[in-house]
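These numbers were taken from a predicted model, which means no experiment stands behind them. One-based numbering along the sequence shown.
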Amino acid sequence: MTPNTTNDNEVAISRPQDLRPLTSLRFFAAMWVVAYHFWPDLQPVRPDFVAKGYLGVDLFFVLSGFILSHVYLENFRAKRFGYRDFLWARLARIYPMHITIIAGLGVLIGGLALVGVHAGDKLIIWSSLPAHLTLTQAWGLAPHGGWNHPSWSISAEWFAYITFPAFATAAVALWARPFVAVGLAVLLLAALYLVFPMLAGFQLTEATIFWGALRIVPCFALGCAMWLVWRSGRIRSAPTALMLAAAGMIGLVANILLHAPDLITVLFCATLILGLGLAARAGSSILSQAWLVYLGEVSFAIYMICIPWQLVYVEGLQRVTNINPDAMPIWLWAGLVAGVIPAAIVLHHLIELPARHYMRMLQFTKNRPLSPPHTPID
């Protein structure tokens with residue numbers, strides 16, 4: 001890591017390395033979740049890997065802990081961390097897209113109603129709107145759901161952002177003992193994954209609007225701990241890093257096919273993230289191609305637009321064909337899946353990037369934050 005060039009009246013800070021493979025990984029995680037949501041439109045029985053697509057969210061949660069540690073922990077340890085600036089930067093990352101999708105759903109469903117299509121019975125839930133507007137819908141404050149269901153995960157992320165100083169304090173306390181940090185994070189993960197079903201009657205990895213805020217906690221902590229291992233420099237060779245990444249990917253797939261507990265699969269997700277991060281530092285070009293990194297940057301829009309896009313595609317299909325949208329031919333289903341990417345690209349450039357840049361520039365102009373207006377890995 002190298003220091004920024006700063007003016008005389010600014011504090012020199014560390015600029016984190018851009019871990020391009022982890023940006024690319026976001027795209028695959030997003031499409032894993034998309035396949036999980038879209039497969040019932042093709043047939044009722046899903047392949048094992050697709051059926052476990054909900055774990056793509058847990059992959060995101062571990063990755064979030066790793067990346068936010070990568071961007072902010074050095075400055076937190078050096079007491080150069082600005083909590084308000086941090087929260088504003090995180091809000092700029094998620095909120096404009098979230099609000100746009102909510103407003104767009106209202107307009108879309110209203111427009112469909114004008115042509116005789118009533119698609120909003122399960123989406124327009126007014127009692128849930130305050131929780132959605134305050135990003136608390138995964139805190140048990142929107143029990144009837146509604147609106148853009150995948151946004152429960154950014155509500156969980158918002159919980160992790162608010163409590164980030166607690167994660168950071170624990171990480172700094174274990175700064176020189178990264179493997180102890182990993183061990184404690186694994187114990188927390190195991191304890192919650194084992195105890196939660198006894199109390200709730202379902203797996204923590206299936207929690208969304210009721211316990212989503214709890215679901216992120218062990219994954220985020222595991223991501224923070226994995227970053228401590230990355231930072232320690234104890235693994236530096238590219239072959240070792242690539243072997244670790246391969247072990248993570250093979251273990252992830254194998255555990256899904258063998259119907260292993262979700263706990264084990266999440267641990268392999270964390271191994272994959274660590275291996276890719278180490279490979280990037282060692283100079284490997286794996287998953288660093290520009291087009292893959294670009295798709296990774298668009299992944300948030302892919303994730304957020306998937307349900308509205310599905311509504312438009314399925315309702316449009318019903319209007320022009322006699323095909324049952326719950327059992328569409330494979331070629332039409334492929335169009336549903338592929339179409340989410342250009343839809344997300346449009347949204348990414350029209351809404352996400354301009355709004356994020358504007359909010360970060362406001363922060364940069366008024367508060368002179370320690371981080372630049374936009375960090376690619378942020």
Minimum heavy-atom distance [X]-[Y], with the two atoms named:
X	Y	value
V33	Y303	CG1-CE1, 3.6 Å
M226	T271	CE-N, 4.4 Å
A343	W309	CB-CE3, 4.4 Å
T265	A260	OG1-O, 4.5 Å
V50	A35	CG1-O, 3.5 Å
S153	F61	O-CE2, 3.8 Å

Under 3.5 Å donor-acceptor, [X] side chain and [Y] backbone:
X	Y	value
H149	I307	no
S299	G296	yes
Q17	A280	yes
S24	L287	yes
R281	I235	yes
D48	H259	no
S155	A138	yes
S288	I286	yes

Establish whether [X] and [Y] are linked, either directly or via other cluster members, by ILVMFWY side-chain heavy-atom contacts under 4.5 Å.
X	Y	result
L257	L263	yes
L332	I330	yes
V229	M243	no
L188	L194	no
Y36	F27	yes

- Message: Whether R93 and E352 form a salt bridge (side-chain N of Lys/Arg under 4.0 Å from carboxylate O of Asp/Glu) is what I want to check.
- Response: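 R93 and E352: salt-bridged.
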
- Query: Does a side-chain N-to-carboxylate-O contact under 4.0 Å join E297 and R26?
  - Reply: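 Salt bridge: no.
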
Report yes if some heavy atom in the side chain of [X] is under 4.5 Å from a heavy atom in the side chain of [Y]; otherwise report no.
X	Y	answer
T163	F220	no
P178	W230	no
L184	L174	yes
L73	W175	yes
I305	P308	yes
F76	T169	yes
I154	M304	yes
F179	R234	yes

- Task: Just do the side chain to side chain contact (heavy atoms under 4.5 Å, CB included) check on I341 and V298 with the steps written out, would you?
- Result: CA-CA 8 Å; I341 298 176; V298 175; 5.8 Å; no

Straight-line distance of [X] [atom1] to [Y] [atom2], nearest 0.5 Å:
X	Y	atom1	atom2	answer
L276	F66	CG	CZ	9.5 Å
F60	F300	CZ	CZ	9.5 Å
L129	T134	CG	OG1	9.0 Å
F167	Y72	CZ	OH	16.0 Å
L267	N255	CG	CG	9.0 Å
Y313	W333	OH	CH2	11.0 Å

Distance alone, cut at 3.5 Å: any donor-acceptor contact between the side chains of [X] and [Y]?
X	Y	value
Q137	S128	no
W147	H132	no
T23	Y294	no

- Query: Given the rule in the side chain to side chain contact (heavy atoms under 4.5 Å, CB included) test, do M31 and V337 qualify, once you have shown the distances and angles that lead to the verdict?
  - Reply: CA-CA 8 Å; M31 294 307 295; V337 174; 3.7 Å; yes

- Where do F202 and F196 land on the ring-ring contact (aromatic ring centres under 6.0 Å, His included) test, with the steps shown first? CA-CA 8 Å; F202 57 91; F196 183 83; 5.4 Å; yes

- Around atom CH2 of W32, are there more than 12 heavy atoms of other residues, nucleotides or ligands at under 6.0 Å?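 Atom CH2 in W32 is packed in, count exceeds 12.
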
- Checking ring pair (Phe, Tyr, Trp, His ring centres under 6.0 Å) against W139, which of F210, F159, W158 comes through?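 Result for ring pair (Phe, Tyr, Trp, His ring centres under 6.0 Å) with W139: F159.
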
- Dump the intermediate steps for side chain to side chain contact (heavy atoms under 4.5 Å, CB included) on L228 and S69, then the final yes or no. CA-CA 8 Å; L228 289 178; S69 296; over 6 Å; no

- Query: After noting the C-alpha distance and the side-chain angles of E206 and R215, does the key distance pass the side chain to side chain contact (heavy atoms under 4.5 Å, CB included) rule?
  - Reply: CA-CA 9 Å; E206 298 171 1; R215 179 174 171 180; 5.7 Å; no

- Measure up the F86 and Y83 rings against each other and bin them: parallel (under 30°), tilted (30 to 60°), perpendicular (over 60°).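 Answer is parallel, since the angle falls under 30°.
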
